[in-house]
Amino acid sequence: MTSFQPRSDFLRVIIERGYLHQCTDLEALDKRLTSGVVTAYNGFDATGDSLHIGHLVPIMMLRWLQKTGHRPIALMGGGTTKVGDPSGKDETRKMLSDADIAANIASIKRPFAKLVNFGADDGKGGPTDAFMVNNADWLDELKYIPFLRDVGKHFTINRMLTFDSVKLRLEREQPLTFLEFNYMILQAYDFVELARRHNCSLQMGGSDQWGNIVSGVDLGRRVANVDLFGLTCPLITTASGAKMGKTVAGAVWLNPDRFSPYQYYQFWRNTEDADVGRFLKLFTDLPLAEIAKLEALQGAEINEAKKVLALEATALCHGREAADDAAETARKTFEEGVTGDALPTVEIARGELEGGIAAFALFARAGLAASNGEARRLIKGGGARLNDTAVSDEAQKVTAADATDGVIKLSAGKKRHALVKLV
RNA sequence: GGAGGGGUGGCCGAGCGGUCAAAGGCAACAGACUGUAAAUCUGUCGACGUACGUCUACGAAGGUUCGAAUCCUUCCCCCUCCA
């Protein structure tokens, strides 16, 4: 695959930027891409109300697809969500109602729409307008016996057992339910359905989806006599081998109400040195030549590259204005030691501060500690600061006199800051 | 349906009547060193109270006991083997 020289813009970009892991037929896909608009899709789970940065690579692939003149579809797994994924080992995940799923999809779409240009939902917009579809639209209607007869007959257990997802589970002697076993069939069917409805001919996804994607390609040839393509991206981990996207606050969400643009900016700003170049290629639109320059920076200078990464990645997801704002706040906070206004903020009534609030309680209120006890430990450990002065006594009273212009700055460690605003 | 083995803190995993808020590891947070990096070292890591302490927690509900994560009963769930 490395020796292959694509003629299509899409594949060239995908390969150069490190999104390509495997493809069912690179040369044929390349040909298809150079002979007209190709419709491609990526599936997303609709169990939550926000996607997180783990979904960002697939979204970026859809973005590039669109930028290079093709049409992206975001497939929301509303139908499969309703079945409930049985792999969680404790309680079976709660079943979501249609209303919940619809709300989730609407919420997910907001940041998504910043990255990919959506047209009308009915797919009747411009030729490369993206649109979202919900697989509940067809999975809900399926009738078991006809489905088995028309689709099920094309799957042999023999072959299904050879897929990694299945094989690994069996080898480890972990249970695999019949339901999970059917996921690949449903996903294969989704692909064929999209091919029929929207002339979709390419499915993309994470490398763990390879088996399911290939099944869809096969099924398309058998039941619809169409040539479909599959393409996967590698699982992105940090240079130290960790899965991406875990922080104090949990996952790095794409929705700003879950994870503010400033926090998002900070997440990227704190990227490990070794990841900067790779992430610039994957998570920004910057030209490769520019990235090469940034990547070449040595020592502390690499921080400049991280700032660019953070700014550009934030701009893609939250808009240029929010990104500039976040960058400015970060600059003030970390370089000038002044207070930036995009820091996380809590409001407290002036009257409440009259008698003073114990420092530990205030840290907990501001969200810098999960409990009073944690706040106390933070202070005891010397990690807490009030207006940039270390707090030595956990019970120290904080009053309105500590505010400058009605604002008190709290810090937990060097990187986490919050503002208390008097109202 | 029969026989056996399990369910412990965010995860993995020890404990098997008191000394258990529960070893050890991972993850996480803070400190030191740095560059808002990595690695390393140190500390912290259920809630509430300044603290001796109180409460909640070892699948669920009962019980035995001065005392239970540990014993008994019932129930739920998982695994292995047999039918």
Side-chain angles (χ1 to χ4, degrees), chain A residues 86-93 169-177 180 237-252 262-280 294-311 313-314 326-340 342-344 356-361 363-386 388 390-397 409-418:
Chain A
S87 60
K89 60 177 175 175
D90 359 327
E91 61 236 59
T92 41
R93 216 187 273 177
R169 292 286 273 282
L170 295 180
E171 275 169 9
R172 287 195 205 130
E173 304 197 341
Q174 286 170 337
L176 174 73
T177 66
E180 290 172 294
T237 54
T238 66
S240 9
K243 245 189 180 174
M244 269 190 75
K246 283 191 0 189
T247 66
V248 218
V252 177
Y262 168 75
Q263 288 175 292
Y264 193 80
Y265 177 94
Q266 281 298 306
F267 169 78
W268 292 108
R269 176 63 249 267
N270 285 302
T271 298
E272 294 176 32
D273 287 8
D275 287 327
V276 172
R278 193 160 53 101
F279 285 4
L280 278 166
L294 290 168
E295 205 177 0
L297 294 172
Q298 290 297 316
E301 291 193 340
I302 195 90
N303 279 320
E304 293 309 312
K306 291 186 192 180
K307 287 180 198 167
V308 174
L309 169 64
L311 181 69
T314 307
E328 178 61 12
T329 290
R331 197 185 60 75
K332 279 187 184 162
T333 306
F334 290 97
E335 294 178 25
E336 293 178 15
V338 191
T339 301
L343 292 174
I357 296 182
F360 69 84
F363 273 86
R365 285 268 297 267
L368 291 175
S371 65
N372 287 351
E374 192 177 308
R376 283 200 163 94
R377 277 180 240 125
L378 177 71
I379 293 170
K380 274 185 195 152
R385 272 165 299 135
L386 172 74
D388 299 313
V391 180
S392 50
D393 176 10
E394 60 198 71
Q396 175 184 334
K397 293 285 186 198
K409 181 182 177 192
L410 301 179
S411 312
K414 294 197 175 98
K415 289 192 226 165
R416 293 155 60 220
H417 307 278

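Sequence lines set the chain letters: A, B, ... in the order given, protein chains first and strands last, and positions in each chain run from 1.
- You'll find the side chain of Lys307(A) reaches within 4.5 Å of the side chain of Glu304(A), heavy atoms only.
- OP1 or OP2 of rG49(B) sits under 4.0 Å from a side-chain N or O of Arg376(A).
- Here rU34(B) presents its C1' atom at 16 Å from CD of Gln298(A), a figure rounded to the nearest Å.
- Aromatic rings of His417(A) and Phe334(A) (six-membered ring for Trp) have centroids within the 6.0 Å cut-off, being under it.
- Rounded to whole Å, the separation between the P atoms of rC48(B) and rU56(B) comes to 15 Å.
- In this structure the side chain of Leu280(A) never reaches within 4.5 angstrom of the side chain of Glu295(A), judged on heavy atoms.
- Atom CZ in Arg278(A) sits about 15 Å away from atom P in rA38(B), given to the nearest Å.
- Using a 4.0 Å heavy-atom distance criterion, Ala330(A) is classed as a base contact.
- The gap from the C1' atom of rG18(B) to that of rU64(B) amounts to 16 Å, rounded to the nearest Å.
- Summarising the geometry, the separation between CZ on Phe267(A) and C1' on rA37(B) is reported as 13 Å, rounded to the nearest angstrom.
- Using atom P as the reference point in both rG43(B) and rG25(B), the two lie 12 Å apart (nearest Å).
- The side chain of Lys380(A) places no N or O atom within less than 4.0 Å of a non-bridging phosphate oxygen (OP1 or OP2) of rC29(B).
- Note on Gln266(A): a base of the nucleic acid sits closer than 4.0 angstrom, heavy atoms only.
- The CG atom of Leu368(A) sits 19 Å away from the P atom of rA28(B) (whole-angstrom rounding).
- In this structure, rU19(B) forms no base pair with any nucleotide, since neither Watson-Crick nor G-U wobble geometry is met with both distances under 3.5 Å.
- For the P atom pair drawn from rG59(B) and rG15(B), the interatomic distance equals 15 Å after rounding to whole Å.
- Atom CZ of Phe279(A) and atom C1' of rA38(B) are 13 Å apart (whole Å).
- rA38(B) atom C1' lies 10 Å from atom CG of Asp275(A), rounded to whole Å.
- Here the separation of rC33(B) from rA38(B), taken at their C1' atoms, is 12 Å to the nearest Å.
- rC26(B) and rG4(B) have their P atoms separated by 39 Å, given to the nearest Å.
- Across all strands shown, rC12(B) is found opposite rG24(B) as a Watson-Crick or G-U wobble partner, with both distances under 3.5 Å.
- With salt bridges taken as basic N to acidic carboxylate O contacts below 4.0 Å, none links Arg377(A) and Glu374(A).
- Nucleotide rC75(B) forms a Watson-Crick or G-U wobble pair with rG59(B), both donor-acceptor distances falling under 3.5 Å.
- Across the protein-nucleic acid pair, Ile379(A) atom CD1 and rU50(B) atom P stand 12 Å apart, rounded to whole Å.
- Neither OP1 nor OP2 of rA37(B) sits under 4.0 Å from any side-chain N or O of Thr271(A).
- Taking 4.0 angstrom as the limit, Arg416(A) places none of its side-chain polar atoms (N or O) nearer than this to OP1 or OP2 of rC29(B).
- Partner assigned to rG43(B) is rC29(B), using Watson-Crick or G-U wobble distances below 3.5 angstrom.
- Contact check, Lys414(A) against rC33(B): no side-chain N or O comes under 4.0 Å of OP1 or OP2.
- Between Gln396(A) and the options Leu386(A), Ile379(A), Ile357(A), a side-chain contact (heavy atoms from CB on, under 4.5 Å) holds for only Leu386(A).
- Counting heavy atoms from C-beta on, the side chains of Phe363(A) and Val391(A) come closer than 4.5 Å.
- rC76(B) and rA27(B): their P atoms are spaced 39 Å apart (whole Å).
- Across every non-hydrogen atom of Ile302(A) and Leu297(A), the tightest pair is CD1-O, 3.6 Å.
- Atom NE2 of His417(A) is separated from atom P of rU36(B) by 11 Å (rounded to the nearest Å).
- Partner assigned to rA68(B) is none, using Watson-Crick or G-U wobble distances below 3.5 angstrom.
- If you check every strand for non-hydrogen atoms under 4.0 Å, Asn372(A) touches sugar and phosphate atoms only.
- At rC48(B), one or more side-chain N or O atoms of Ser371(A) fall inside 4.0 Å of OP1 or OP2 (strictly under the cut-off).
- Annotation for Asn372(A) and Ala364(A): closest pair OD1-CB, 3.4 Å, computed over non-hydrogen atoms.
- Contact between the side-chain N/O atoms of Asn303(A) and the OP1/OP2 oxygens of rA37(B) is not found at any separation under 4.0 Å.
- With a cut-off of 3.5 Å on both Watson-Crick or G-U wobble distances, the partner of rU80(B) is given as rA3(B).
- In this model, the phosphate group of rG46(B) is not approached by any side-chain N or O of Arg377(A) to a distance below 4.0 Å at OP1 or OP2.
- Each of Gly381(A) and Asp273(A) has a nearest nucleotide on RNA chain B; the 5'-most of these lies closest to Gly381(A).
- Ranked by how close their nearest RNA chain B nucleotide is to the 5' end, Lys415(A) and Gly373(A) are led by Lys415(A).
- Annotation: rG2(B) and rC11(B) have their P atoms spaced 33 Å apart (nearest Å).
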